[in-house]
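Since the structure is predicted, the reported quantities are computational estimates derived from the model, not experimental observations. Order of listing sets the numbers, starting from 1, for every ligand and every atom in it.
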Amino acid sequence: MTAPAAIQFTEADPEAIAGFAGRVTVLVDSDGKLSPLTRRVNRLTRGAVERCVAGAAFAALKPGDALDLAYPAGLAAEAVQVLKLDRRAGADEARRAGATIGAKRPEGGNLVLAGPHPRAHELSFGLALRDYDFADHKTAAPKAKGPVTLMVSKPEEVAAAAGPLAALAEGVFFTRDLVNEPANVLTTDDFAARLAAMQELGLEVEILEEEDLAELGMGALLGVGQGSESPSKVVVMQWMGGEKDAAPLALVGKGVVFDTGGISIKPAGGMEDMTMDMGGAGTVSGVMRTLALRKAKANVVGLVGLVENMPDGRAQRPGDVVVSMKGDTVEVINTDAEGRLVLADVLWYAQERFKPAGIVDLATLTGAIIIALGHEHTGVFSNNDAFCDSFLAAAKAEGEGAWRMPLGDAYDKMLKSRVADMKNVGGRPGGSITAAQFIQRFIKPEVPWIHLDIAGTASVKSDLPLSPKGATGWGVMALNRLVMDKYETK
Ligand code: BES
Ligand code: MN
Ligand code: ZN
């Protein structure tokens, strides 16, 4: 990514407004009430802000949206951005308002007159999220963007409230960078090296290599990676910031750095999108980064299975039978249903080693979830209503779409195999559900479990309110909140 927006909080200084040459953003309530700093801009522009607010275009604005007044007389500014945001706006609305600023950053810098707005920190967070730009592989110099200054009533207080949100933004950006990265750059080795570098933040990071995985009996995971030149790996990240003996929350991610489908090869059209097939692992990594950066008082372990699914002389074939770490055998009907094979072994290992209080897996698992829910909601599957409800509440609070899907015996039966304990596909009907059923076979019944199918939400083809197109970082905010609300000692 290009360098994130440099955001400063300064004391309100009415004298500094007239001479500022970049863009001046003013906040206006939907009832048209102007804050003191906005009134100052209005006076300097001889009523231009008031005329704008009285017009139909302002009335039609959604909260968080803005109108631009170009080259306003009375100010040195290149534009005044009139942003609709209520004094009583919630976090979500304030973030969207910030994102409106972040979506189009002026070269000359931005002065945001937030004044006493109680959500100024959330506004700065939304600004940062939307400002993200993945330009690492563009040779042209990125377009210059000036600094952002928020004039606020209590700069120290706002800066303090913005601290944990900056850690959250960094986690989201880490996830987005991983998901946006092409597969010739983000190999399994490169991915593992980026995670190992997080030891600097105080995370404990271990890398299990193919020999280790073979010794553990991870035949399902190893089968997926055996056609690739890149070695399969499992990376274990531990953040033990909570009470000494408290059982951790475990986060497990599918990290298929590229999914060709293997011998059951995918069609050429759109195959390039499968660079994002490590999205689950990317989200787990971003959450772990955030928890370390904000020194969360919770025990959380993150495990990712890193493999590449390639067709090759050594690749696994349809019809092969593999033995999972759990001991169950799987008939591989379709080598393109590889994510569940990876998760089966990493989930089993996570439960055996860490005895977690709860386990959440994330995976770009099925195209079928996109048919069911589009790109608006992640598919949520769970064996525990209370655990599931706390996750859904966290996702809702963070504005991340999540929708619960059913599980049941009838779906599980669709995985019956003639030759092995199960097969890896259940047919086209309910494809996301049979995938979840497969995974549930590797969850101990007493462990509260949530499976998140993020195939539709990890990466999108058009801009979102808080994210430019491409990787979204979906789930980092919701999981960070779940940790705050349910696992953190205050
Ligand atoms: N990685 C894909 C799922 C996917 C599809 C992710 C589209 C993101 C966007 C997964 O490994 C896969 O290929 N699933 C198959 C399963 C099928 C063979 C049972 C699918 O969805 O077609
Ligand atoms: Mn696949
Ligand atoms: Zn896949």
Structural part of Arg428 in contact with ligand 1, heavy atom criterion under 4.0 angstrom
neither

Residue Asp336, metal the Zn ion (ligand 3), N/O/S under 2.8 Å
no

With no hydrogens and no angle check, do the side chains of Glu400 and His377 hold a donor and an acceptor under 3.5 Å apart?
no

Report yes if some N/O of Ile370 lies less than 3.5 Å from some N/O of ligand 1; otherwise report no.
no

Identity and separation of the nearest protein heavy atom to atom 2 (C) of ligand 1:
Asp259 OD2, 3.6 Å

Pairing donors with acceptors under 3.5 angstrom, does anything connect the side chains of Asn110 and Thr25?
yes

Among protein heavy atoms, which sits nearest to atom 19 (C) of ligand 1, and what does the distance come to when rounded to 0.1 Å?
Val425 CG1, 3.5 Å

I'd like the atom name of the N/O/S atom in Glu338 lying closest to the Zn ion (ligand 3).
OE2

If we count only N and O atoms by modelled type, under 3.5 Å, do the side chains of Thr457 and Thr378 hold a donor and an acceptor together?
yes

Can you confirm whether some protein heavy atom lies under 4.0 Å from atom 22 (O) of ligand 1, or whether none does?
no

The protein heavy atom nearest to atom 16 (C) of ligand 1 is Arg340 NH2, 3.9 Å

For the Mn ion (ligand 2), give me the closest N/O/S atom belonging to Asp259, just the atom name.
OD2

Among the N/O/S atoms of Glu338, the Mn ion (ligand 2) lies closest to OE1

Anything under 30° is parallel, anything over 60° is perpendicular, the rest tilted; go ahead and classify Phe438 against Phe442.
tilted

Can you find an N or O of Asn334 that's nearer than 3.5 Å to an N or O of ligand 1?
no

For Asp277, the N, O or S atom at the shortest distance from the Zn ion (ligand 3) is OD2

If we ignore angles and hydrogens, is there a donor and acceptor under 3.5 Å between the side chains of Ser324 and Asp345?
no

Is it the case that ligand 1 has an N or O less than 3.5 angstrom from some N or O of Thr366?
no

Tell me, which protein residue and heavy-atom name are nearest atom 9 (C) of ligand 1, and how many Å apart are they?
Met274 CE, 3.5 Å

Could you tell me whether ligand 1 has any atom less than 4.0 Å away from a heavy atom of Met278?
no

Checking Thr188 side chain against Ser232 main chain: does a donor-acceptor pair fall under 3.5 Å?
no

Under a 4.0 angstrom heavy-atom cut-off, which atoms of ligand 1 come close to Ala455?
6 (C), 8 (C)

Under 3.5 Å: donor-acceptor pair, side chain of Asp485, backbone of Ala394:
no

When you measure from atom 20 (C) of ligand 1 to every protein heavy atom, which one gives the shortest distance, and what is it?
Gly367 N, 3.9 Å

Backbone N or O of Val257 within a donor-acceptor pair of the Asp277 side chain at under 3.5 Å?
no

Apply side-chain hydrogen bond (donor to acceptor under 3.5 Å, both in side chains) to the pair Asn309 and Thr260, showing each step before the final yes or no.
CA-CA 6 Å; Asn309 190 18; Thr260 64; 5.1 Å; no

OG on Ser285 to CG on Asp177, rounded to 0.5 Å
12.0 Å

Separation of Ile263 CD1 from Met310 CE (nearest 0.5 Å):
11.0 Å

Show the atoms of ligand 1 that are less than 4.0 angstrom away from any heavy atom in Lys254.
1 (N), 10 (C), 11 (O)

Please check if any side-chain donor atom of Thr366 sits under 3.5 Å from a side-chain acceptor atom of Asp453, or the reverse.
yes

How wide is the angle at the Zn ion (ligand 3) between NZ of Lys254 and OD2 of Asp259, to the nearest 10°?
170°

Checking a contact table here: which protein heavy atom is nearest atom 1 (N) of ligand 1, and how many Å away?
Asp277 OD1, 2.8 Å

Does the pair Asp131 and Lys145 meet the rule for a salt bridge (charged side-chain N to carboxylate O under 4.0 Å, His left out), with working shown?
CA-CA 10 Å; Asp131 181 60; Lys145 298 176 191 171; 2.9 Å; yes

When Met278 is tested against each of Asp259, Leu186, Thr283 for side chain to side chain contact (heavy atoms under 4.5 Å, CB included), which residue passes?
Leu186

Ligand 1 atoms nearer than 4.0 angstrom to some heavy atom of Glu338 are 11 (O)

Got an N/O contact under 3.5 Å between Asp336 and ligand 1?
yes

Nearest non-hydrogen contact with atom 14 (N) of ligand 1 belongs to which option: Leu365, Asn424, Leu341?
Leu365

